[in-house]
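Position 1 is the first residue of the sequence, and the numbers go up from there.
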Amino acid sequence: MQEVSNPFQALNNIFLKPNGVFNALAKTNNWSWLPFLLVTGLSFVSVYVYFNFIDFDWYVELMVAETMADVSPAEQNAYRNAMSQTAAMIGGGVMAFLAPIIVNAIFAVYLNAMTKRDESNTQGFTDWYGFIWWTQMPAILNALIALVIILMSSNHEILPTVLGPLSLAYLFSVDMGSTWFGFLSSVRLDIIWSTYLMTVGISCWTSFDTKKSLAIAIAPMIIIYGLWAVFTLF
């Protein structure tokens, strides 16, 4: 196995040769700034470009029709008056930037706690937090595909599902008014890939076998999506 000697090589290898990357990460510091900047930066840019590109009046009416059909006309008008393209652009971009920072911190706490069972494990919270950003690298594919679709479109009436082109909601053209829209928007192919990378990484950083590493990596997904599906059904 070729040794990974620098963070740029790691960026290239993380997709197809993750074992070498995680083995190198266990012995290095400050490499995780690169995936952090790529994941958060491209997420921010994709949202910013989307709101800068679309016909915003059409977007507002879409949101009213799809999410506010059951409220009074006065409430609908209040929403229309409160919405502005600049606010949506900045607000959406900031949320796209902050959300992975917060979610990844929670995952790092979880991984740090679960791997304490391994007596040979010397990694702490900050190590696992850096680790998580490398497992999130498939998210940049989602953002890049979204940007390509938006920039190549001649139609300025593009559904917001385009921001998650690897989600089941986008792939199966699920209507925004569907009860299952939120759930299916969150189920993305890049998240499945990230779970695989997390499994590989845990097995590289601990003495856990592949089955135990997979169980640790996939448990949060099963709990979150399981509860979400139950609440959606009932």
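- Ring geometry, Phe125 versus Tyr129: the interplanar angle falls under 30°, so the pair is classed parallel (tilted spans 30 to 60°).
- Around the CD atom of Glu119, the shell of radius 6.0 Å holds no more than 12 heavy atoms that belong to other residues, nucleotides or ligands.
- Between Phe22 and Trp205, the distance separating the two ring centers is not shorter than 6.0 angstrom.
- The two atoms that bring Val47 and Gly92 nearest to each other are CG1-C, 3.3 Å, heavy atoms only.
- The two residues Val64 and Arg80 make their nearest non-hydrogen contact at CG1-NH2, 3.6 Å.
- Between Asn155 and Ile158, the shortest heavy-atom distance links the atoms O-CG1, 3.2 Å.
- In this structure, Phe107 has its ring center no closer than 6.0 Å to that of Trp128.
- Checked against side chain to side chain contact (heavy atoms under 4.5 Å, CB included), Phe208 has the following partners two or more places apart in sequence or in another chain: Thr115, Arg117, Asp118, Ile202, Thr206, Lys212, Ser213, Ile216.
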Decide yes or no on side-chain contact (heavy atoms from CB on, under 4.5 Å) for Leu171 and Leu166, but give the supporting numbers first. CA-CA 7 Å; Leu171 294 173; Leu166 296 180; 5.7 Å; no
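- No donor-acceptor pair under 3.5 Å is formed between the side chain of Gln136 and the backbone N or O of Pro35.
- A donor and an acceptor atom, one from each side chain of Gln9 and Ser5, are located under 3.5 Å apart.
- Taking a 6.0 Å sphere around CH2 of Trp33, one finds it holds 12 or fewer heavy atoms contributed by other residues, nucleotides or ligands.
- In terms of heavy atoms, Ala24 sits closest to Val4 at CB-O, 3.6 Å.
- Side-chain polar atoms of Ser186 and Trp228 form no donor-acceptor pair below 3.5 angstrom.
- His156 pairs in a ring pair (Phe, Tyr, Trp, His ring centres under 6.0 Å) with only one of the listed residues (Phe53, Phe51, Phe56, Tyr59), which is Phe53.
- Between Asp190 and Ile140, every side-chain heavy-atom pair lies at or beyond the 4.5 Å cut-off.
- The main-chain N or O of Gly124 is found under 3.5 Å from a side-chain atom of Asp127 such that the two form a donor-acceptor pair.
- Ring centers of Phe183 and Trp180: under 6.0 Å apart, within the cut-off.
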